[in-house]
Amino acid sequence: SLGLGTLVQNETRLRLHMKAELKNNDSPWGLMALTGGANSVYANSIWVLANPNWATTSIHLLEDVELSLSVAEKSLDYWRSVLHDQWNIAGLLGGTSTSSNSGLPYITSHYGFYMTAWHIVFALSGQTANMTEGSLTFAPKVPPPFMLPVMLPGVWGYLWAQVFAPKHPEAGYVQYTLGLNFGSIPLQSLNIGDCSAPINGSHTLKADELMVWNCFL
């Protein structure tokens, strides 16, 4: 789900598998890690990593973004709004065959793999960086207008896209703004899709500084 590529040659099979998984393994609390096998203590249990990973992989495969995010939201919002315990994520929730603890934390605590939910951010923005070469690129999976997080070690910021469409559509353009809340980025190239920011040589973008440029639609 980090966006380093799939482990299968035939992505059609992966898409079909994911659709079957969503159809057959869904529950009120998230995707079941194991269906059937009533004699297993893990039968129909909910793996909390599954929904964010499903969503991220779906976005990387250029599937419907709203559907992908809704799958992640089911699990994320359950911890946020129902269990009220975002700081002690379990590995598994009790599933549909464990009525005594259905939907409740079941196995392990402070589950680190749940942090891969952050991969969703990079899937949406398509952010890749090569700081040794001062290169920062984005391939957003949503059309403008949007505002997406920008995250690098020691850096937190945002990428903002606004659409300006005058009376003549052929003159419409997108205005991109890259801003940092803290940290700095030494840049030699900055690209959003095929739209490049005009950087003359190199420029270090610092906190509370904005880099703004336009590209025609």
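In this chain, residues are counted from 1 in sequence order.
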Can you check whether [X] reaches [Y] side chain to side chain, under 4.5 Å on heavy atoms?
X    : Y    : answer
W29  : K74  : no
E63  : M18  : no
Q127 : L152 : yes
L190 : L205 : no
P145 : Q162 : no
W79  : P105 : yes
D208 : K206 : no
L124 : L69  : yes

Membership question, hydrophobic clusters at under 4.5 Å side-chain separation (ILVMFWY): are [Y] and [X] in the same one?
X    : Y    : result
M211 : M147 : no
V150 : L210 : no
L159 : V65  : yes
L31  : L61  : yes
V163 : L178 : yes

Ring geometry between F164 and Y173 (parallel below 30°, tilted from 30 to 60°, perpendicular above 60°): parallel
More than 12 heavy atoms of other groups within 6.0 Å of [X] [atom1]:
X    : atom1 : answer
E66  : CD    : no
M131 : CE    : yes
W213 : CH2   : yes

Testing the basics here: between [X] and [Y], what is the closest heavy-atom pair and its distance to 0.1 Å?
X    : Y    : value
G126 : K141 : CA-NZ, 3.9 Å
S27  : I46  : OG-CD1, 3.2 Å
G154 : F182 : O-CD1, 3.7 Å
G157 : N181 : CA-OD1, 3.6 Å
V155 : G183 : CG2-CA, 4.2 Å
G91  : W47  : O-CD1, 3.3 Å

Check: [Y] main-chain N/O paired with [X] side-chain donor or acceptor under 3.5 Å:
X   : Y    : value
D77 : E73  : no
S70 : L67  : yes
Y78 : G103 : yes
S58 : W54  : no

Stepwise side-chain contact (heavy atoms from CB on, under 4.5 Å) check, F122 with T56: CA-CA 9 Å; F122 297 103; T56 304; over 6 Å; no
Distance check, rounded to the nearest 0.5 Å: [X] atom [atom1] versus [Y] atom [atom2]?
X    : Y    : atom1 : atom2 : result
L136 : N130 : CG    : CG    : 10.5 Å
I185 : T204 : CD1   : OG1   : 10.0 Å
D85  : R80  : CG    : CZ    : 13.5 Å
D194 : C215 : CG    : SG    : 7.5 Å
L14  : E11  : CG    : CD    : 7.0 Å
N88  : T108 : CG    : OG1   : 8.5 Å

Test side-chain contact (heavy atoms from CB on, under 4.5 Å) applied to L49 and Y111, step by step: CA-CA 9 Å; L49 177 63; Y111 188 57; 4.3 Å; yes
Stepwise side-chain contact (heavy atoms from CB on, under 4.5 Å) check, L93 with N101: CA-CA 8 Å; L93 299 177; N101 63 348; over 6 Å; no
side-chain contact (heavy atoms from CB on, under 4.5 Å) between V212 and Q175, intermediate numbers included: CA-CA 7 Å; V212 182; Q175 182 178 89; 3.7 Å; yes
